[in-house]
A.B. asks: 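Sharing a structure here in structure tokens format.
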Amino acid sequence: MKFFKSFYYAGRGIVAAFCGRNFRFHICAAAFVVFFAARFYSFTPERWAILILACSSVIALETVNTGIENLADKVTEENSHRIKLAKDCAAGGVLIAATGAAAVGFLLFWNTDIFSLIFLYFSEPARLAALVLALAAAWGFVFLPEYRRKRDK
């Protein structure tokens, strides 16, 4: 029973991380990356594995970063050099992973022939409108919960 409870606790942690703006941003970015990969690229299983590992490492580290920040804020609300350093290191870990994921994306996606196909695909007004709506929805998903929390305070 303890084994299954650990999945419950892990799920609660993911839900808690979901409250963070950066976590939601990384989820949206990964969703767009996976959409473009599936729609326009014929990746081998190895390339899919690399892409999924790159995306999931950023999201996993963002979850760890959120946990460290919440713990640090609970330990003390005073300015503490060590707490600040711990939070900065956790955020730095996310930045390193995100930079690595961007490099992986550059290596996997850079293909000027496919860029022209993507441009052609979105030259149809309905598809372009769908992309713009998806980007607007992602923006709202990432930023509106923060705006609402600040407004309600």
Side-chain angles (χ1 to χ4, degrees), residues 3-73 84 86-153:
F3 177 74
F4 293 109
K5 249 188 171 179
S6 67
F7 285 100
Y8 169 75
Y9 295 136
R12 282 182 29 186
I14 293 168
V15 169
F18 219 87
C19 293
R21 180 191 65 228
N22 292 345
F23 186 89
R24 292 188 309 271
F25 173 81
H26 292 302
I27 291 290
C28 287
F32 278 102
V33 165
V34 168
F35 166 77
F36 275 87
R39 178 67 186 93
F40 299 106
Y41 291 81
S42 298
F43 283 164
T44 63
E46 294 82 8
R47 285 183 164 237
W48 274 109
I50 291 167
L51 183 65
I52 290 167
L53 282 171
C55 292
S56 63
S57 68
V58 174
I59 293 167
L61 280 172
E62 186 61 53
T63 305
V64 171
N65 181 44
T66 300
I68 289 171
E69 287 182 350
N70 285 328
L71 179 62
D73 291 345
K84 180 183 180 321
K87 291 169 87 170
D88 291 349
C89 286
V94 176
L95 180 60
I96 291 167
T99 303
V104 166
F106 180 79
L107 293 170
L108 291 177
F109 288 99
W110 190 263
N111 183 331
T112 54
D113 294 335
I114 294 179
F115 292 166
S116 62
L117 288 174
I118 293 170
F119 181 76
L120 186 63
Y121 181 83
F122 287 110
S123 65
E124 184 181 312
R127 289 180 177 155
L128 182 60
L131 177 63
V132 170
L133 283 173
L135 289 169
W139 182 89
F141 176 70
V142 171
F143 293 105
L144 284 182
E146 291 287 316
Y147 172 76
R148 291 180 99 158
R149 257 188 248 132
K150 286 180 183 177
R151 189 188 66 190
D152 293 343
K153 284 184 180 180

A.B. asks: Hey, could you give me the CG/SG distance between Leu95 and Cys89, rounded to the nearest 0.5 Å?
C.D. replies: 12.0 Å
A.B. asks: How far does NE2 of His26 sit from SG of Cys28, to the nearest 0.5 angstrom?
C.D. replies: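 SG of Cys28 is found 11.0 Å from NE2 of His26.
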A.B. asks: Mind checking the CG-CD1 spacing from Leu61 to Ile68? Nearest 0.5 Å is all I need.
C.D. replies: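 Answer rounded to 0.5 Å: 9.0 Å.
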A.B. asks: Rounded at 0.5 Å granularity, tell me how far CD1 in Ile50 sits from SG in Cys55.
C.D. replies: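 If I round to the nearest 0.5 Å, the distance is 12.0 Å.
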A.B. asks: Is the shortest side-chain heavy-atom distance between Arg47 and Tyr41 below 4.5 Å?
C.D. replies: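 A side-chain contact under 4.5 Å is absent here.
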A.B. asks: Please output the side-chain donor-acceptor pairs of residues 101-111 that fall under 3.5 Å, not counting sequence neighbours, one pair per line with the distance.
C.D. replies:
unit_1, atom_1, unit_2, atom_2, d
Asn111, OD1, Asp113, N, 3.0
Asn111, OD1, Ile114, N, 3.4

A.B. asks: Is there a side-chain contact between Leu135 and Phe32, using heavy atoms and a 4.5 Å cut-off?
C.D. replies: yes
A.B. asks: What ring-ring contact (aromatic ring centres under 6.0 Å, His included) pairs are there with at least one residue in residues 53-72, not counting sequence neighbours?
C.D. replies: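 For residues 53-72: none.
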A.B. asks: Closest approach of Tyr121 and Arg39, non-hydrogen atoms and distance?
C.D. replies: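 So the minimum-distance heavy-atom pair works out to CE1-NH2, 2.9 Å.
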A.B. asks: Nearest 0.5 Å, please: how far is CZ in Arg127 from CG in Leu120?
C.D. replies: 8.5 Å
A.B. asks: Looking at Pro145 and Arg24, what are the two nearest heavy atoms and their distance?
C.D. replies: CB-NH2, 3.7 Å
A.B. asks: Which one of Asn65, Ile59, Thr63, Thr66 satisfies the side chain to side chain contact (heavy atoms under 4.5 Å, CB included) criterion with Val94?
C.D. replies: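 Option passing the side chain to side chain contact (heavy atoms under 4.5 Å, CB included) with Val94: Asn65.
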A.B. asks: What heavy-atom pair brings Trp48 and Ala38 nearest, and what distance separates the two atoms?
C.D. replies: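 Heavy atoms of Trp48 and Ala38 come nearest at CH2-N, 3.7 Å.
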A.B. asks: Once you measure the plane-to-plane angle for Phe18 and Phe141, does it fall in the parallel (<30°), tilted (30-60°) or perpendicular (>60°) bin?
C.D. replies: perpendicular
A.B. asks: Please report the interatomic distance CG(Leu144) to CZ(Arg21), rounded to the nearest 0.5 Å.
C.D. replies: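 It comes to 12.5 Å.
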A.B. asks: Kindly assign one of parallel, tilted or perpendicular to the pair Phe35 and Phe40, based on the angle between their ring planes and the thresholds 30° and 60°.
C.D. replies: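 Ring orientation of Phe35 relative to Phe40: perpendicular.
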